[in-house]
Amino acid sequence: MCLLLIDDELQVIGDLTRLLRDRFHIEAISWIENRERLLASLDAFEQPPTLVILDFQMDPPGDEVYVWLKEWNPDLHVVFYTRFADTPDRRLRMERAGAGGAQIVEKRSTPRDVLKLLRALGR
């Protein structure tokens, strides 16, 4: 099973890769130029992702990327992992994009957050 990590913080990508590589085949994207480049990257992966951990505070913003991911594969399981999980206006944007409350995980300390992320991913 392929897990895609999308985060502009390379430390977070590195930590999650180290902590989850025994459970998943992991791909990572730290920068998204636009929708077309994202979709080309998704199509080029060795294994298509079935799960995604997505940062919110990026450029383009995570709620926009969420919509692109769901257009690519409506069955894709996407979890927001963000420092803005408890910020009402940003949380509302994540929910409007389609994320349920269980798919929004507050980013505090990656090693301690892994169990919450796994639960949110349904694992």
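Here the structure is a predicted model, which is why all the values come from computation and not from measurement.
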- Message: Starting from V67, can I reach M94 by hopping between I/L/V/M/F/W/Y residues whose side chains sit under 4.5 Å apart?
- Response: no

- Which of these passes side chain to side chain contact (heavy atoms under 4.5 Å, CB included) with T110: I13, V12, L117? V12

- Query: Quick one: does I32's side chain get under 4.5 Å of P60's, heavy atoms only?
  - Reply: yes

- Item | Spacing of S41 atom OG and E36 atom CD [to the nearest 0.5 Å] | 11.5 Å

- What heavy-atom pair brings R123 and R23 nearest, and what distance separates the two atoms? O-NH1, 4.3 Å

- Message: Do F80 and V105 have side chains that approach each other closer than 4.5 Å (heavy atoms only, starting at C-beta)?
- Response: no

- Report whether L118 and L16 are members of the same hydrophobic cluster (ILVMFWY, side-chain heavy atoms less than 4.5 Å apart, transitive linking). yes

- Task: Step by step, work out the side-chain hydrogen bond (donor to acceptor under 3.5 Å, both in side chains) result for D43 and W72.
- Result: CA-CA 9 Å; D43 289 333; W72 179 74; 3.0 Å; yes

- Item | Minimum side-chain heavy-atom gap R93-F56 below 4.5 Å | yes

- Message: Tell me the closest heavy-atom pair linking A85 and I104, and the distance in Å.
- Response: CB-CG2, 3.7 Å

- Minimum heavy-atom distance W68-L39, with the two atoms named: O-CD2, 4.1 Å

- Message: Would you say CZ of R18 has more than 12 non-hydrogen atoms from neighbouring residues, nucleotides or ligands within 6.0 angstrom?
- Response: yes

- Message: Any non-hydrogen side-chain atom of E106 less than 4.5 Å from a side-chain atom of D86?
- Response: yes

- Are V52 and F24 connected, step by step, through hydrophobic side chains (Ile, Leu, Val, Met, Phe, Trp, Tyr) whose heavy atoms are closer than 4.5 Å? no

- In terms of side-chain geometry, is the basic nitrogen of R108 or D113 positioned less than 4.0 Å from the acidic oxygen of its partner? no

- Side-chain donor or acceptor of Y66 paired with backbone N/O of G98 under 3.5 Å: yes

- Roughly how far, to the nearest 0.5 Å, is CG of L5 from CD1 of I29? 9.5 Å

- Please determine if R35 and E64 form a salt bridge, counting it only when a charged side-chain N lies under 4.0 Å from a carboxylate O. no

- Tightest non-hydrogen contact, residues A120 and A102, listed as CB-O, 3.3 Å

- Item | Side chain proximity check, V114 to L20, heavy atoms < 4.5 angstrom | yes

- Item | Single-linkage hydrophobic cluster L4~Y81, side-chain heavy atoms < 4.5 angstrom | no

- Working to the nearest 0.5 Å, report the span between CG of L42 and CZ of R37. 13.5 Å

- May I ask you to test the L69-I6 pair for a side-chain heavy-atom distance under 4.5 Å? yes

- Item | Cluster check L121, V78: I/L/V/M/F/W/Y, side chain < 4.5 angstrom | no

- Query: Does a salt bridge link D7 with K107, judged by any charged N lying under 4.0 Å from a carboxylate O?
  - Reply: yes

- Task: Taking only Lys NZ, Arg NE, NH1 and NH2, and the carboxylate oxygens of Asp or Glu, determine whether E95 and R90 approach each other closer than 4.0 Å.
- Result: no

- Would you say C2 and L51 make side-chain contact, with heavy atoms under 4.5 Å? no

- Taking all non-hydrogen atoms of both residues into account, name the closest pair between D63 and A97 and its distance. O-CB, 3.7 Å

- Message: Is there a side-chain contact between Q57 and F84 in this structure, where contact means two heavy atoms from C-beta onward sitting under 4.5 Å apart?
- Response: yes

- Item | Steps toward side-chain contact (heavy atoms from CB on, under 4.5 Å) verdict (M58, E9) | CA-CA 9 Å; M58 299 183 356; E9 293 180 64; over 6 Å; no

- Say whether, by atom type as modelled, one donor and one acceptor occur between the side chain of H25 and the main chain of E46 under 3.5 angstrom. no

- Would you check, one step at a time, whether the test side-chain contact (heavy atoms from CB on, under 4.5 Å) holds for L3 with E27? CA-CA 6 Å; L3 170 64; E27 298 284 354; over 6 Å; no

- Note on the structure: dist Q103:CD -> R119:CZ (nearest 0.5 Å) comes out at 13.5 Å

- May I ask you to say whether K70 pairs ionically with D75, meaning some side-chain N is under 4.0 Å from a carboxylate O? no

- Let me see the working for S30 and D8 under side-chain contact (heavy atoms from CB on, under 4.5 Å), right down to the final yes or no. CA-CA 4 Å; S30 62; D8 57 356; 5.6 Å; no

- Step by step, would you call V65 with L38 a side-chain contact (heavy atoms from CB on, under 4.5 Å)? CA-CA 9 Å; V65 173; L38 172 63; 4.0 Å; yes

